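Right, one structure below, let's go through it.
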Amino acid sequence: MTHSKHITIDGQTVPFEDGQTIMDAATHAGVYIPHLCHHPDFTPHGSCKLCTVDVNGRQVSSCTFPAADGQQIGNNTDELNAERKRLTQMLFVEGNHFCPSCEKSGNCQLQAVGYHLNMLDNHYPHFFALREVDASHPDVLIDHNRCIFCALCVRASHAEDKDVFGIVGRGINKHLAINSESGKLCDSELSVDDRAAHICPTGAILVKGTAFKVPIGQRKFDHHDIDEVSLGEEHGK
Amino acid sequence: MESFIKHTLEKYEHQATQLLMILRDIQAQYFHIPRQAIDLLVAELNIPKTQILGVIEFYSFLSSEPRGRYDIYISDSITDQMLGSHAMADYLCEKLNTPLGTVRVDGLVSIAYTSCTGLCEQGPAVLVNGYPIGQMTKARIDEIAALIEQQIPVTEWKAELLQVNDNIYKKDLLLSGHIRPGAALWATIEGSKEKILEEIKLSGLRGRGGAGFSTGMKWQFCCEAQETERYVVCNADEGEPGTFKDRILLNSYAHDLLEGMAVAGFIIGAKKGFIYLRGEYLHLYQPLVDIIAERKRDKFLGEHILGFYWEFNVEVRLGLGAYICGEESALIESLEGKMGVPRNRPPFPVTSGYLNKPTIVNNVETFVAAAHIALNGGEWFKQHGTEKSAGTKILSISGDCARPGIYEYPFGTTVRQILADCGAEDVLGIQVGGPSGTFISNQEFDRKIAFEDLATGGSFIIFNNSRDIFAVVQNFTHFFAHESCGFCTPCRVGTSLMKNQFDKICTGHGSSGDVRELQEIAKLIKATSHCGLGQTAAQPILTTLERYPELYNAKLKQISFEPGFDLDGSLAIARLLSGRDDSNAHLAQVEEE
């Protein structure tokens, strides 16, 4: 099969089709670009900025930026990975992430990206934000301490025509809000079968009763780097 | 309440895009947005509750908790501070017996700081129930406090108190005279769309908001868009601290602006235009609405402009206190009744803007210039300014000078010339283009106002040698952290980290490595942020670090490690609780050598 158009990522020629973003093309070609807010099934968001790549000397979000013929792209470079590590550390200090006591540990994409980028500390001072836990729903729990505002639950619930979630507020005071009269999850339309209940890349939205079914040590990222898992999942493996 | 909400919804035709206007009316009526009102809006407008909650929390002038019946916001721009706003705030709070940031127990008054209100040359300024009052003095505060205690509505206060002056000192191409109403419209209709667009392109006009994109190209891209329902949007969300030139254009040159917008509508084939007016300019809202009505009556707007089959209407929409809405795609989101979060681009507004229809968003000054170009031709305009920056620039000059106000200069004018004209002496430096622009030192007076040298949306703040650069940078850095929309990680988290890191150095708690760390955060925010706000939020730090590294380093303690907080100060509560104040109840900040 021949493609007339291609981009170059870290020296590797990657074909693309019109309408594809750099992330789409890279994923299709088996090139991993770190990301948290991106998911191939939903409209790109471009907020976490982990997928920042260098296109002809300019930094852009690869999940939203269209691929164009001849782009010279830097992705897996020391400079970009250093920036990505700092951005990941920002997400860690903004919320309250205690991996050793988190039931998502080992299955958490935030943690896994941290591993991938060789993040050994949080670097920045913690914000120690006061955030709540909403355990009102019989099947699903929200721990706001772990929310990174990727809006995947917002997008997934919107796609399901329910709009259970919304990101509200401004700046560092941004937070996840629930569409219900009381503001509690139990009064919303969320059902445990909703995709929105399972899409969270961190431990902010958890399905109750499943926490330790797979013991720590036997989980996804305990044995596989996120680049491998991510490309495998997105290729339907 | 139900009848008020019903009436308000009818006034805005049950349009969810009018959410900000609807909430503004509710806030004015009840001094907050009551829960019951939210539930009614959810039902009537058929939008998710989270959208309404999002908007309430996003915009500074909306509140879910009751504010005072006299809701006072003190402008916290650096220019207000230089004119003594903090002492003024103390006196105001004392006089009204209301601590800053609180609502008085009887619910009559609330006082808080807000970002620059655009009265920089006549500060210190406040907003009372949205209406601006400048030149605050103790005498004025006494007067205002008395009016409030007597509960006299702001709209009935004497005109002199609410007077906002233009303060124009230098007029050139745009400010020298007014276009005779309709003249630019006649010149337009007598030509063709193509011909007028050619004139705009020939003129070399570039966006006056600061970014400097070619106006002609922007309009052409919009003309080439597939969809035929198109919109013209005037960005009158003049939020850059130190900028107030649009206030004067909207106040005294509104006919020229509306003429320019109609010309733009003619070229791109739009029937509808919006003026997105910043909430701080509430006093200009009704006059603008009246002028639009007058121009409709005179057939300069409406369904049959000049009697031809030429339709173009303009609606004024008010913002509610969010600097980010000056970013064009955030402005469009706001126009649609949402939080002002900048969109991903592409697609650009020229192909997918308001309601995803092709939209041009231009600055007030750009439309005024376009009207003059439609009338006098591109060649006429191009003769002024420099090769890359045609025409003139209207500057808002504030800070340390004898004559702060509005100055219009041909592009290419030197800083030295400007300083001489406004009477600035003993200058330390100038913030050109506002906090998102550049701080230049007194070694750079031969630089020129031009896109190719010092680009500016109009802000020009002068600091003399008595000023502390750190106070300036601190004000700007806090401003950006406060105004970050919070969408992307580097800006949401980074601007707060940068603020804290800067404060740490400023308060003398920095040690070796802390300036390097500050610089690293600054560069990361600049490189990876989603929009112009984040990309420029570090400018105050980066531009002063470049010029005065020795000042930064002098702030650092000459030790290898310094706690990032006041160790002894943190024990104050413990001392209070234990009733101890002996020497053992105190900790030295650094171990004795």
Side-chain angles (χ1 to χ4, degrees), chain A residues 21 36-37 43-52 54 58-61 63-66 79-80 82-84 86-95 123-125 127 148-151 154 157-158 162-181 183 188, chain B residues 35 38-39 42 47-60 321-324 339-347 480-501 504 517 520-521 523-530 533-535 564-565:
Chain A
T21 61
L36 285 168
C37 72
T43 321
H45 201 235
S47 64
C48 75
K49 298 296 168 195
L50 250 67
C51 74
T52 299
D54 186 296
R58 190 176 143 224
Q59 296 204 347
V60 301
S61 302
C63 71
T64 57
F65 204 77
E79 293 78 10
L80 285 167
E83 287 186 356
R84 289 165 181 158
R86 288 285 181 258
L87 293 171
T88 309
Q89 286 165 324
M90 284 186 181
L91 291 172
F92 268 90
V93 300
E94 180 190 23
H123 186 75
Y124 298 115
F127 283 81
I148 57 167
F149 317 112
C150 67
V154 178
S157 188
H158 182 73
K162 284 191 175 178
D163 283 315
V164 170
F165 302 100
I167 306 276
V168 309
R170 184 163 106 185
I172 198 73
N173 300 317
K174 236 174 182 44
H175 61 100
L176 184 67
I178 312 299
N179 240 325
S180 70
E181 204 168 319
S188 75
Chain B
R35 283 185 61 164
I38 298 173
D39 293 336
V42 169
I47 50 175
K49 186 178 175 182
T50 44
Q51 183 182 338
I52 300 174
L53 293 175
V55 167
I56 296 169
E57 288 192 32
F58 192 88
Y59 294 94
S60 295
Y323 167 73
I324 187 61
M339 300 192 292
V341 174
R343 294 176 177 176
N344 280 304
R345 293 179 295 181
F480 284 120
H482 176 69
E483 296 294 344
S484 167
C485 87
F487 173 77
C488 71
T489 310
C491 184
R492 182 182 68 244
V493 188
T495 54
S496 282
L497 286 172
M498 184 165 71
K499 176 183 90 168
N500 295 342
Q501 181 71 8
K504 178 184 174 185
E517 178 63 36
E520 194 206 81
I521 302 172
K523 284 182 175 168
L524 180 64
I525 298 171
K526 183 176 178 166
T528 58
S529 285
H530 178 64
L533 190 155
Q535 287 155 16
F565 59 99

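Predicted model only: the values in this text are computed from it and were never measured. Throughout, a chain's letter reflects where its sequence line sits, starting with A, and its residues are numbered from 1.
Both the backbone and the side chain of Leu497(B) have a heavy atom closer than 4.5 Å to some heavy atom of chain A. With a 4.5 angstrom heavy-atom cutoff, Gln501(B) does not touch chain A via any of its atoms. For Pro44(A), the part sitting under 4.5 Å from any heavy atom of chain B is the backbone (N, CA, C, O) and nothing else. For chain A, the nearby parts of Ser60(B) are the backbone and the side chain; heavy atoms of each come within less than 4.5 Å. For Ile167(A), the part lying under 4.5 angstrom from a heavy atom of chain B is the backbone only. Heavy-atom distances place the side chain of Arg35(B), and not its backbone, under 4.5 Å from chain A. Only the side chain of Glu517(B) comes within contact range of chain A, with at least one heavy atom under 4.5 Å from a heavy atom of that chain. Contacts between Phe165(A) and chain B at a heavy-atom distance below 4.5 Å involve the backbone alone (N, CA, C, O). Interface remark: Ser61(A) contributes no atoms to any contact with chain B (heavy atom separation under 4.5 Å).
Chosen from Asp163(A), Asn173(A), Thr52(A), Ile172(A), the residue pairing most often with chain B at heavy-atom distances under 4.5 Å is Ile172(A).
Using a cutoff of 4.0 Å between basic side-chain nitrogens and carboxylate oxygens, Glu57(B) and Lys174(A) are not scored as salt-bridged.
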Quiz item: Would His45(A) and Phe487(B) satisfy ring-ring contact (aromatic ring centres under 6.0 Å, His included), going step by step from the backbone distance to the final call?
Solution: CA-CA 10 Å; His45(A) 201 235; Phe487(B) 173 77; 4.8 Å; yes
